[in-house]
Amino acid sequence: MHPAPVVSVDLDEFWNDPYPQLKEMRNENPICFVPELGAVLVTKRDDIQTCEKNVAVFSSDQPGGLMNVLMGQNMMRRDGDDHRKERFVYYPAVSPNAVKKVWATQFESIVDSAIEVLATQHGGDLVRTFATIVSGEALKVLTGLTNASYHQIDGWSQAMIDGIANYEGDSNVETRCHEAVAAIDAAIDERLPAVLASPDHSLLSIMVSSGMPMDTVRANIKLTISGGQNEPRDAIGGMIWALLTHPDQLELVERGIVGWMQVFDEYCRLVAPIGMSPRRISTDFEYNSVQLRADDRVFLMFSSANRDEDYFDRSAEFDVQRDVSPNLTFGAGPHFCAGAAASRSLIGDIAVPKLFARFPNLTIDESEPDVVFGGWAFRGPLTLPARW
Ligand code: HEM
């Protein structure tokens, strides 16, 4: 029984491209302590699945953690019955059934409007002019914060993400996070009378109508904005990039040999929009001969699970014909992404297929610098210059 082996990473390199270092970890030290992140990383797919299900030890409850302090305690930071109770209220608003009956038609109008604006232009950055707008507009209707702009949603999301990763205590980052949280509270207050007077299908309305305490409603709306904006944005941009840079695979989709949802799943396997989910060790525990100590911080590395060679041959290649089913893109346990059905519908069924149908001559703009990806906790293309 040993403490986790120590593996150092260069944080800039890890942000630019975490995959070479994750591969080395999977091969040599699949459970290791990374001092620069102050966390034990679990990198093999099966270990992640086993650990995530063991909620008694791999706890989501992180008292004093930055997310709780800055955004209030939400369902992602609770275990057991406390978690189940909140999820039970939240989930019906975004379940596959709700997506089919309520949200899919709204997603279609959001995407159609964004595409009509693009049709008046001939090129631009699709992350800014399409992915960010579609993701933000969808989140407005899902949360019920229709009084916000997509631009505000995107800014609030980033400010909260930066705030909860602000381990250095940068006061500017903290201030921006406080401002975003206050602005969301103000937007909730402004919408409350309307959703109380005429309840609708939104998360705000459903949580308020259930009698959930208002602090908890607010915390879960903030969770939804912090976690529900950049992933769909990054997955839309990344999926378009993957198809444009692999014309042979685009052809398979256009000929109907492979479905759009398979492409969505394969892109998210290759570049997981959420690379990790954190846990706290609740009590001293030995796993695979590694000694974990109470209060150790553990990162379950979904990005690494999705490239585990035990499950995926040539795992760094984009191959829309592979079996993607072992992927952990949306998690592997009780905290499995509540927004998975909404994201799959928005991106895989609607946004990307409609864009390719409307602009059959869509290409990467070769006159612009190469597309650059960034991030290890969240990852996607930073820009996507294209022509149509
Ligand atoms: C491509 C888009 C998305 C990806 C890849 C993604 C991925 C994830 C992942 C990996 C987790 C953590 C799972 C775990 O720890 O086991 C998560 C949790 C969560 N996601 Fe998503 N997500 C996406 C979009 C969304 C959207 C649009 C929403 C809201 C409408 C959303 C709501 C949530 C919630 C509420 C949780 C916490 C669930 C719980 O604690 O029970 N996600 N997501």
Side-chain angles (χ1 to χ4, degrees), residues 9-22 37 114 117-118 121-139 149-166 170 172-173 176-177 180 225-246 263-264 266-276 301-304 306-307 316 318 329 343 346-347 351-352 355-356 359 362-388:
V9 301
D10 178 312
L11 282 183
D12 288 336
E13 259 176 47
F14 206 55
W15 193 88
N16 289 334
D17 183 2
Y19 289 111
Q21 280 161 313
L22 290 171
L37 300 174
V117 176
L118 293 182
Q121 305 154 9
H122 299 288
D125 169 16
L126 285 175
V127 170
R128 196 173 46 80
T129 61
F130 184 63
T132 305
I133 298 174
V134 166
S135 181
E137 292 293 341
L139 211 47
S149 67
Y150 80 81
H151 197 67
Q152 282 174 311
I153 297 270
D154 198 57
W156 294 340
S157 172
Q158 196 58 53
M160 289 189 289
I161 288 170
D162 293 343
I164 59 182
N166 181 23
D170 181 325
N172 290 328
V173 172
R176 277 199 299 276
C177 183
I225 294 174
S226 73
Q229 165 65 10
N230 57 335
E231 299 86 343
R233 178 197 68 203
D234 292 349
I236 293 169
M239 186 172 157
I240 299 167
W241 167 85
L243 287 170
L244 292 179
T245 51
H246 296 81
V263 182
F264 170 81
E266 169 60 359
Y267 170 73
C268 292
R269 179 203 65 78
L270 184 70
V271 184
I274 293 195
M276 70 95 175
M301 301 301 295
F302 300 135
S303 51
S304 179
N306 279 3
R307 293 207 185 185
F318 179 64
T329 300
S343 305
L346 176 68
I347 304 163
V352 179
L355 186 79
F356 277 92
F359 303 117
L362 189 66
T363 55
I364 299 266
D365 185 346
E366 302 290 352
S367 70
E368 292 287 328
D370 282 353
V371 173
V372 173
F373 281 64
W376 61 271
F378 300 98
R379 189 166 179 83
L382 305 182
T383 59
L384 181 54
R387 301 205 63 75
W388 53 87

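Start at 1 with the first residue, then count along the sequence.
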**Item:** G136 backbone acceptor or donor facing D154 side chain under 3.5 Å
**Value:** no

**Message:** As an exercise, state the distance from CZ of R387 to CG of L362, rounded to the nearest 0.5 Å.
**Reply:** 11.0 Å

**Prompt:** Which one of W15, F14, F302 satisfies the ring-ring contact (aromatic ring centres under 6.0 Å, His included) criterion with W376?
**Reply:** F14

**Prompt:** Can you list the steps and then say if I240 with F130 is a side chain to side chain contact (heavy atoms under 4.5 Å, CB included)?
**Reply:** CA-CA 11 Å; I240 299 167; F130 184 63; 4.1 Å; yes

**Request:** Let me see the working for L355 and L126 under side chain to side chain contact (heavy atoms under 4.5 Å, CB included), right down to the final yes or no.
**Result:** CA-CA 10 Å; L355 186 79; L126 285 175; 4.2 Å; yes

**Request:** Please report the closest heavy-atom contact between P381 and G237, naming both atoms and the distance.
**Result:** CG-C, 3.6 Å

**Fill in**
Between W388 and L118, the two heavy atoms sitting closest are NE1-O, 2.9 Å

**Message:** Side chains of L37 and L11, heavy atoms from C-beta outward: is any pair under 4.5 Å?
**Reply:** yes

**Item:** Residues V173, R176; criterion side chain to side chain contact (heavy atoms under 4.5 Å, CB included); working and verdict
**Value:** CA-CA 5 Å; V173 172; R176 277 199 299 276; 3.8 Å; yes

**Item:** pair L139-W156: side-chain heavy atoms closer than 4.5 Å
**Value:** no

**Request:** For residues R233 and T132, report the shortest heavy-atom separation together with the two atoms involved.
**Result:** CD-OG1, 3.4 Å

**Request:** Can you measure from CH2 (W241) to NE2 (H246) and round to the nearest 0.5 angstrom?
**Result:** 6.0 Å

**Message:** So which atom in M160 and which in A180 form the shortest heavy-atom distance, rounded to 0.1 Å?
**Reply:** CG-CB, 4.5 Å

**Complete:** d(C177 SG, D170 CG) to nearest 0.5 Å is 12.0 Å

**Request:** List the atom of A114, the atom of V134, and the distance in Å for their closest heavy-atom pair.
**Result:** CB-CG2, 4.0 Å

**Request:** May I ask you to check whether D162 and Q158 show a side-chain donor-acceptor distance below 3.5 Å?
**Result:** yes

**Request:** Examine distances only and state if a side-chain atom of T129 and a backbone atom of D125 form a donor-acceptor pair shorter than 3.5 Å.
**Result:** yes

**Item:** Side chain R379, main chain N16, donor-acceptor under 3.5 Å
**Value:** yes

**Item:** Any donor-acceptor pair under 3.5 Å from S157 side chain to I225 backbone
**Value:** yes

**Prompt:** Atom CD1 in I364, atom CG in L243: separation rounded to 0.5 Å?
**Reply:** 10.0 Å

**Prompt:** Can you find a heavy atom in the side chain of V352 that is under 4.5 Å from one in the side chain of I347?
**Reply:** yes

**Nearest-0.5 Å distance that lies between atom CG in D234 and atom OG in S135** = 8.5 Å

**Item:** Pairwise side-chain contact, L382 with F373, heavy-atom cut-off 4.5 Å (strictly under)
**Value:** no

**Message:** As an exercise, state the distance from CG of D370 to OG1 of T383, rounded to the nearest 0.5 Å.
**Reply:** 10.0 Å

**Message:** On a heavy-atom basis, which atom in Y19 and which in V271 lie closest, and how many Å separate them?
**Reply:** OH-CA, 3.5 Å

**Asked** Is there side-chain contact between L346 and F264, with at least one heavy-atom pair below 4.5 Å?
**Response** no

**Item:** Chi angles and distances behind the side chain to side chain contact (heavy atoms under 4.5 Å, CB included) call for L22, S303
**Value:** CA-CA 9 Å; L22 290 171; S303 51; 3.6 Å; yes

